[in-house]
Amino acid sequence: MEESKVQDTAGNDPAASKDGELFYVLTLYVTATTPRSIRAIANIRKLCEQHLSGHYELDIVDISRDPEMAKADQLIAAPTLIKRLPLPLRRFIGDMSDTKRLVVGLDIR
Amino acid sequence: MRNGANVRTSEDLSSLREENSDLRRRLAEAEETLDAIRSGEVDALVIGDQIYSLESAVTASNRFRGDILDQVSDIVIAVDTDDRLIYVNPAAEAKYNVQASEMLGSKHSSLFQTEWPNGSDPLEPPASIETNGFWHGENVHVSSDGTKFYAESMITKVRNLDGAHAGLLSVIRDVSDRKRAEAELREANELLESKVTERTRELTETNESLRNEMDARAEVEKQRTGLLQRIVTSQEDERQRIARDIHDQLGQRVTALRLQIASFKDADPEKFDGHIELLMRTALRLDSEISFLAWELRPAALDDLGLPDAAKAFLDEWSHNYKISSDFRLRGFGKSRISNDAETHFYRILQEALNNIARHAEATMVNVLLTRGPKDVCLIVEDNGKGFDLSSVSTTPDSRRGMGLLSMKERATLIGAEFELESKAKLGTTVFVRLPL
């Protein structure tokens, strides 16, 4: 699985948004081909589309292909979602199927 | 100093609170991580530079299946119950020109749109999946970059371990080459069919043409047989006529002559003059009738002087004999002759035409024109008689007039001449014969 980046807005400042909405910068670390990782990708993308449409940037990183980045982020396990912005930085582990916990944890309003 | 110390203490306190809060948050995260690891919600652990995969038997089995699906050349995609992509194999990535990681979690329709060829029903797949648990069929997939291909798909309903509906698994094969080959084959078949049809039509036409030709040949053969029969018949008729003429005319004359000669035995020699006078008149008449019969059979003029003089002599004699006025015009002959055959047939045609006029036309005037140009010889015989309806005259051998007309036509054909007949009731009849040279 290749590292990918999804950016739904044209804004260059990841922390700001023209219409006042908070802009989310997320990174999902996965391991390729495992069902849990696949589910995590599907779940987080679905959540982003439903709650953060136009206000998020999602990187999906395969830890086996980019271990340096995983090390820099002090990653412990996969799948892990890291919310970089808005601050504070937060981590979530698992297949991202607990949408309620994620919505609260990501402070999505 | 004291105030400064207080400020620092206050800042330190605030910092400590933030640090405390951060530590609590990190601790909570660490606990969550630990719980997640304990409850088996992770696939891998990262310790230092090493990645440790946590593969259960099920996970290993799934990985094995995933590896297989990754290697198959067919497109394999899976969607969950919300129609979101949960698996896209490398063949699908290559075919739709996407990255699986970009597509997973997206709606299935973001990978490709579907077109339905004429005659196929877009409602069939969901109905079949609902009823049978699968759908197998063909349609056209259109990637987001616009590229299209014919897809043969097998879409199967997927259930999880609990038996609940978990999504759909699609195995898709690009059958564009096969479709193209089928289309080419279809076109080739259509072309072949059209060629076969065309060839059949040509053969039918040829067959029809051959049948017509055979019919025409049969007709010609029938006419030829008829002609031969008529030649024989007319020869027989002619012999009978000559025999009758010889018996009725020459026979009587010869008998008279014999009786007159016999009367010499008892006659007074002094009265011989009167008998001799009578004898000479009878002999003269006999001579004249023999000459006429011979002339009718084959006029010496035709052999000696050629067609123009023979034709004129016959016309004059005929005109005198039947008391019908005639006019003879000759152009372009000079002293040249045409072939014996041609002269004979022209002469016989003239005879036949004049005999027809004498028998049927009730004419009072006949014009004959005989011309010779650089390219042809023409004979025209026209009368001012009662004429007739051409369609009412059969050219079959059982019609006497028809026989005469057919005879003229056949004589013309024999020497390669064209024969035409024009006639209208009360307006007379014209015979044209043209022999190209």
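Just so we're on the same page: letters track the sequence lines, and every chain starts at 1.
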Set of salt bridge (charged side-chain N to carboxylate O under 4.0 Å, His left out) partners for B:E115, sequence neighbours left out: B:K148

Donor-acceptor contact below 3.5 Å, side chain B:D43 vs main chain A:S37: yes

Test item: A:R91 side-chain N/O and B:E32 main-chain N/O as donor-acceptor pair under 3.5 Å: no

Would one find more than 12 heavy atoms of other residues, nucleotides or ligands at under 6.0 Å from atom [atom1] of [X]?
X: B:E198; atom1: CD; result: yes
X: B:R26; atom1: CZ; result: no
X: B:F149; atom1: CZ; result: yes

Greatest number of heavy atom pairs closer than 4.5 Å to chain B - which of A:L75, A:D95, A:T80: A:L75

Measure distances from [X] to the heavy atoms of chain B and classify the residue's part below 4.5 Å as side chain, backbone, both or neither.
X: A:R90; result: both
X: A:K46; result: both
X: A:L47; result: neither

If I take atom [atom1] from residue [X] and atom [atom2] from residue [Y], how far apart are they, to the nearest 0.5 angstrom?
X: A:I41; Y: B:I86; atom1: CD1; atom2: CD1; result: 11.5 Å
X: B:E29; Y: A:I76; atom1: CD; atom2: CD1; result: 9.0 Å
X: B:S110; Y: A:E49; atom1: OG; atom2: CD; result: 7.5 Å

Atom group of B:D82 that falls short of 4.5 Å from chain A, counting heavy atoms: side chain

Under the side chain to side chain contact (heavy atoms under 4.5 Å, CB included) test, residues paired with B:D177 that sit two or more places apart: B:R180

Nearest non-hydrogen partners of B:E41 and A:P79, listed with the distance: O-CD, 3.9 Å

